Amino acid sequence: MNDECEVVSIAETFDGFLNNYSRMTERCADFICTLALETSCEGCARVCHTLGIKISGDTVIRLLLKRYESLPQPEVSDVIGVDDFAYKKRHTYGTIIVNEKTHEPITLLNGRNGDTLREWLKNNKNVKVVTRDRASAYAKVISEELPDAMQVADRFHLHQNLLETIKKALNQEIPATISIPHNDTSIDAEEHCKKNCI
């Protein structure tokens, strides 16, 4: 800062329109984020160039990450749901944790072997009920980290268990192949009808 300089610069934040260090308005940033979520970051950058907005795909990614980090952290209730999902089937898997009261995702964890779930549970000891699938990795981690928590099978797996039990019961009672006897009297009746109707 130069005390001899008489020029005074004033920076003002126009909240909701143009924030600190912003190179674009909030409305423009909203448009770019919406477009990126509907297409892709590179596709968004190409469309923006056509509209006269100079932005790269990397900047779009940074803008999306900045928006994501500014979102309020979801509330972790005492009832959660845990399940695995595939980023890419048969290659990369993750674990999703959901607030069972609001049905909103809380977080995504890498892997489905239970190690990342263990670390997450260590920081969230307030959980009382966990709905989960039948995977033994999750069951073991939950019982070790939250011994007082109740583990419940989720609705999908309850239905799956019920269907498997019904199939087993039906397979024991009903034979695999059922033969339907051919009735010759129906052919005789059809021929009789043809002769008498003509």
Side-chain angles (χ1 to χ4, degrees), residues 1 7-89 91-133 135 137-138 141-142 145-146 149 151-152 154-156:
M1 185 167 135
V7 178
V8 177
S9 298
I10 298 173
E12 186 175 351
T13 299
F14 298 95
D15 196 26
F17 176 69
L18 190 64
N19 292 327
N20 286 341
Y21 304 105
S22 292
R23 300 193 184 281
M24 65 183 76
T25 63
E26 288 299 304
R27 186 171 152 198
C28 182
D30 288 342
F31 168 74
I32 291 170
C33 288
T34 304
L35 184 61
L37 291 173
E38 292 296 326
T39 57
S40 67
C41 292
E42 292 299 328
C44 173
R46 286 193 297 273
V47 172
C48 286
H49 279 285
T50 306
L51 298 173
I53 304 170
K54 293 184 179 180
I55 192 167
S56 69
D58 291 337
T59 305
V60 174
I61 291 172
R62 283 194 296 275
L63 183 60
L64 287 171
L65 288 173
K66 182 180 174 185
R67 288 284 176 100
Y68 173 74
E69 289 165 0
S70 67
L71 290 173
Q73 290 296 320
E75 181 184 345
V76 178
S77 74
D78 57 346
V79 182
I80 62 168
V82 179
D83 204 355
D84 62 334
F85 67 97
Y87 287 108
K88 186 176 180 185
K89 200 168 184 181
H91 291 282
T92 313
Y93 291 90
T95 299
I96 184 169
I97 300 175
V98 178
N99 183 335
E100 286 293 338
K101 291 181 179 175
T102 61
H103 302 286
E104 293 181 357
I106 297 171
T107 188
L108 298 176
L109 306 172
N110 290 326
R112 61 176 181 177
N113 59 1
D115 294 336
T116 52
L117 178 62
R118 182 185 306 278
E119 291 303 314
W120 189 87
L121 289 174
K122 284 180 182 176
N123 298 323
N124 295 280
K125 294 288 188 179
N126 63 319
V127 176
K128 303 285 183 241
V129 179
V130 180
T131 63
R132 62 171 180 81
D133 61 6
Y138 291 149
V141 168
I142 294 166
E145 292 301 323
L146 303 172
Q151 296 187 43
V152 181
D154 59 25
R155 189 181 310 164
F156 171 79

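Just so you know, these numbers come straight off a predicted model, no measurement behind them.
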> Are side-chain heavy atoms of Ile53 and Ile32 found at a separation under 4.5 Å?
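They are in contact (side-chain heavy atoms under 4.5 Å apart), so the answer is yes.
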> Given side chains that start at C-beta, do those of Cys33 and Asp30 come closer than 4.5 Å, heavy atoms only?
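No, every pair of side-chain atoms sits at 4.5 Å or beyond.
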> For the residue pair Val127 and Asp78, establish whether any side-chain heavy-atom pair is separated by less than 4.5 Å.
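No, side chains not in contact.
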> Do Lys122 and Glu119 meet the salt-bridge criterion of a basic N to acidic O distance under 4.0 Å?
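Salt bridge between Glu119 and Lys122, a charged N being under 4.0 Å from a carboxylate O: yes.
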> Side-chain contact test, heavy atoms from C-beta onward, threshold under 4.5 Å: evaluate it for Val76 versus Trp120 and give yes or no.
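Contact flag for Val76/Trp120 side chains = yes.
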> Can you check whether Glu145's main-chain N or O pairs, donor with acceptor, with Lys125's side chain at less than 3.5 Å?
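Between the backbone of Glu145 and the side chain of Lys125 there is a qualifying donor-acceptor contact (under 3.5 Å).
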> What distance do Asn123 atom CG and Arg118 atom CZ have between them, rounded to the nearest 0.5 Å?
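Spacing of CG (Asn123) from CZ (Arg118) equals 13.0 Å.
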> State the CD1-SG distance between Ile55 and Cys48, to the nearest 0.5 angstrom.
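These two atoms lie 6.0 Å from each other.
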> What's the shortest heavy-atom distance between Gly57 and Ala45, and which atoms?
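Taking Gly57 first and Ala45 second, the nearest heavy atoms are N-CB, 3.7 Å.
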> When you measure from the side chain of Thr39 to the backbone of Leu35, do you find a donor-acceptor pair of N or O atoms at a distance under 3.5 Å?
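Present.
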> So do Ile80 and Asn99 actually touch side chain to side chain, heavy atoms under 4.5 Å?
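Contact flag for Asn99/Ile80 side chains = no.
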> Between atom OG1 of Thr92 and atom CZ of Phe85, what is the distance when rounded to the nearest 0.5 Å?
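The CZ atom of Phe85 is 10.0 Å from OG1 of Thr92, to the nearest 0.5 Å.
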> Taking atom types as modelled, find out whether Ser70 and Arg67 have a side-chain donor-acceptor pair closer than 3.5 angstrom.
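Looking only at side-chain atoms, Arg67 and Ser70 do not form any donor-acceptor pair under 3.5 Å.
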> Would you kindly say whether Glu100 and Thr131 are connected by a side-chain donor-acceptor distance under 3.5 Å?
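The answer is yes; a qualifying pair exists.
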> Identify whether NZ of Lys or CZ of Arg in Arg132 sits under 6.0 Å from the centre of the six-membered ring of Tyr138 and within 45° of that ring's axis.
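That pair does not qualify as a cation-pi contact.
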> Could you grab the distance from atom CG of Asn124 to atom CG of Leu146, nearest 0.5 Å is fine?
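Going from the CG atom of Asn124 to the CG atom of Leu146 covers 9.0 Å.
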> Is there a donor-acceptor contact under 3.5 Å from the side chain of Thr107 to the main chain of Ile97?
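The answer is no, because no donor-acceptor pair under 3.5 Å joins these two groups.
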> Are any side-chain N or O atoms of Thr50 and backbone N or O atoms of Arg46, one a donor and one an acceptor, separated by less than 3.5 Å?
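Yes: the side chain of Thr50 pairs with the backbone of Arg46.
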> Could you list the residues that satisfy side chain to side chain contact (heavy atoms under 4.5 Å, CB included) with Leu37, not counting sequence neighbours?
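Checked Leu37 against side chain to side chain contact (heavy atoms under 4.5 Å, CB included); matches are Leu64.
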> Identify the two heavy atoms, one from Ser77 and one from Asn126, that lie closest to each other, and give their separation to 0.1 Å.
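For Ser77 and Asn126, the tightest heavy-atom pair comes out as O-ND2, 3.9 Å.
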> Under a 3.5 Å threshold, yes or no: a donor from one side chain and an acceptor from the other, between Thr95 and Asp84?
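No, no side-chain donor-acceptor pair sits under 3.5 Å.
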> I'd like to know if the side chain of His103 reaches the main chain of Val98, judged simply by a donor and an acceptor atom lying under 3.5 Å from each other, with no hydrogens or angles considered.
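Not confirmed, His103 side chain does not pair with Val98 backbone.
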> Which value, rounded to the nearest 0.5 Å, describes the distance between Cys44 atom SG and Glu38 atom CD?
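Rounded to the nearest 0.5 Å, the SG-CD separation comes out at 11.0 Å.
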